[in-house]
There are 2 protein chains.
Amino acid sequence: MDAAGAKSIFFNYVKKKGLRNTRQREVILAKFLAAEKHITAEDLHNILKKTNPDIGYATVHRNLKLMCDSGLAEEIKIGGKKARYEQKFGHEHHDHLICLKCGRFTEVKDDRIERLQDELARAKGFSPQRHKLEIYGLCRKCG
Amino acid sequence: MDAAGAKSIFFNYVKKKGLRNTRQREVILAKFLAAEKHITAEDLHNILKKTNPDIGYATVHRNLKLMCDSGLAEEIKIGGKKARYEQKFGHEHHDHLICLKCGRFTEVKDDRIERLQDELARAKGFSPQRHKLEIYGLCRKCG
DNA sequence: TTTAGTGCAAAGGCTTTGCAGATGT
DNA sequence: ACATCTGCAAAGCCTTTGCACTAAA
């Protein structure tokens, strides 16, 4: 699915909720979709300031939260540092390899692990809904 | 290993680092070891206040950090909320099932998952050191 | 007696909220 | 019109730090 698709998902959600389609909301969404994978609210705000210096930090936060509610974005916090936001749409679930030296993330996924996680949870009488797997270590460059 | 063993690990570390063995340090450690598995700094501070009302919050934080450095404790942050501290000692690595309704944690572990994680990382040229797996869903009671 | 440790309060770092004015619908 | 949205600044929340004093070694 392309950015236009994501846009319509988001604005359908907004409409359904009786919320409004503002100039800021539109540009925040557009820049978010065009941005790198794991962006912070601050980074996004900085990008926005170039073209829309009037947009406030709070508005960026409010809209990122709304994007998460709509299912378009997901908040991830790594190491208790500031939140990062990831596009979920057209972007299937994955886990992260996080380099302890350079801090870069790599996305990975393994169906066998996914399946085992599910089994493991169910074996404990738990109904899994989602999960987060982060593997910390050294990447190829830093190792 | 018992609490006495944990204590000596910690104070050996403290000594080796040229640090000191204070009254506060001793009681913070003792209460931490006696406390529930995933305690927050605030909870620990509250417990301490009962017997040692003079101990400050900052001191609790400072000592929890020291316990982490010594390898005795581990800081875990779940959902970006306040940090929780876990006893690592005599307590092998495990993952967490986290109930979205009641918030309770359950510890789980599966060697097959551990192995696959390792393989997966290495296949990407990554040298894994540690990882964190959190599975969110509903526990038996809340499901 | 020297240097780490402590308690307090203040400062940080990030996120959230209150408010008055602006703006979609 | 009227409720949502926005920008600003202030407040929150938790953690960390600066400082003068206390206390290990």
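These values consider heavy atoms only, across backbone and side chains, with no hydrogens, waters or symmetry-generated copies. Lettering follows sequence order; numbering is per chain, from 1.
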Calculate the interatomic distance between [X] atom [atom1] and [N] atom [atom2]; express it in whole Å.
| X | N | atom1 | atom2 | result |
| --- | --- | --- | --- | --- |
| A:Lys77 | C:dT16 | NZ | C1' | 11 Å |
| B:Leu29 | C:dT6 | CG | C1' | 17 Å |
| B:Arg84 | D:dC14 | CZ | P | 11 Å |
| B:His61 | D:dC13 | NE2 | P | 15 Å |
| B:Phe11 | C:dG5 | CZ | P | 11 Å |
| B:Asp54 | D:dC21 | CG | P | 19 Å |
| B:Ile76 | D:dT15 | CD1 | C1' | 17 Å |
| B:Ile55 | C:dC8 | CD1 | P | 11 Å |

- Using side-chain hydrogen bond (donor to acceptor under 3.5 Å, both in side chains) as the criterion, list what pairs up with A:Glu26, not counting sequence neighbours.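 A:Glu26 satisfies side-chain hydrogen bond (donor to acceptor under 3.5 Å, both in side chains) with no other residue.
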- Query: Can you name the side-chain hydrogen bond (donor to acceptor under 3.5 Å, both in side chains) partners of B:Arg130, sequence neighbours left out?
  - Reply: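 In terms of side-chain hydrogen bond (donor to acceptor under 3.5 Å, both in side chains), with neighbours along the sequence ignored, B:Arg130 is linked to no residue.
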- Item | Side chain of A:Arg25 (C-beta onward), nearest among D:dT6, C:dG7, D:dT15 |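 Comparing D:dT6, C:dG7, D:dT15 against the side chain of A:Arg25, the answer is D:dT6.
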- Item | DNA chain D contacts among residues 42-50 of chain A, heavy-atom distance under 4.0 Å |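 DNA chain D contact set from residues 42-50 of chain A: none.
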- Item | Other residues, nucleotides, ligands: >12 heavy atoms within 6.0 Å of A:Lys109 NZ |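 Yes, because the 6.0 Å sphere around NZ of A:Lys109 holds more than 12 heavy atoms from other groups.
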- Atom CZ of B:Arg122: over 12 foreign heavy atoms under 6.0 Å: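 Yes, CZ of B:Arg122 has more than 12 neighbouring heavy atoms, counting only those of other groups under 6.0 Å.
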Can you name the closest pair of heavy atoms from [X] and [Y] and give their distance?
| X | Y | answer |
| --- | --- | --- |
| B:His45 | B:Gly56 | NE2-C, 3.7 Å |
| B:Lys132 | B:Lys77 | NZ-O, 3.6 Å |
| B:Glu36 | B:Asp43 | OE2-OD2, 4.3 Å |
| A:Cys139 | A:Cys99 | N-SG, 3.4 Å |

Would you indicate, yes or no, if [N] has its OP1 or OP2 atom less than 4.0 angstrom from a side-chain nitrogen or oxygen of [X]?
| X | N | answer |
| --- | --- | --- |
| A:Tyr57 | D:dG7 | no |
| B:Asn63 | C:dT6 | yes |
| B:Lys17 | C:dA4 | no |

What does the list of N/O pairs under 3.5 Å between the protein and nucleotides 18-20 of chain C look like, with a distance for each?
unit_1 : atom_1 : unit_2  : atom_2 : d
C:dG18 : O6     : A:Arg62 : NH1    : 3.4

Restricting to side chain to side chain contact (heavy atoms under 4.5 Å, CB included), what partner residues turn up for [X], sequence neighbours left out?
| X | value |
| --- | --- |
| A:Asn52 | A:Arg23, A:Val27, A:Asp54, A:Ile55 |
| A:Ala121 | A:Phe126, A:Pro128, B:Leu97, B:Ile135 |
| A:Ile47 | A:Lys31, A:Ala35, A:Ile39 |
| A:Glu107 | A:Lys37, A:His38, A:Glu86, A:His91, A:His94, A:His96 |

- Query: Can you name the salt bridge (Lys or Arg N to Asp or Glu O under 4.0 Å) partners of B:Glu42, sequence neighbours left out?
  - Reply: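 Salt bridge (Lys or Arg N to Asp or Glu O under 4.0 Å) list for B:Glu42, sorted by chain: B:Lys82.
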Pairs under 3.5 angstrom, nitrogen or oxygen only, protein versus nucleotides 10-13 of chain C, please.
none

Can you check nucleotides 22-25 of chain D for protein contacts, nitrogen or oxygen pairs under 3.5 Å, and list what you find?
unit_1 : atom_1 : unit_2  : atom_2 : d
D:dA24 : N3     : B:Arg20 : NH1    : 3.2
D:dA25 : OP1    : B:Asn21 : N      : 3.2

- side chain to side chain donor-acceptor pair (under 3.5 Å) contacts touching residues 55-71 of chain B (sequence neighbours left out):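 Only B:Arg25-B:Asn63 qualify under side chain to side chain donor-acceptor pair (under 3.5 Å).
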- Query: Want to settle it: does A:Val60 or B:Tyr85 sit nearer the 5' end of DNA chain D, counting the closest nucleotide to each?
  - Reply: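 The answer here is A:Val60.
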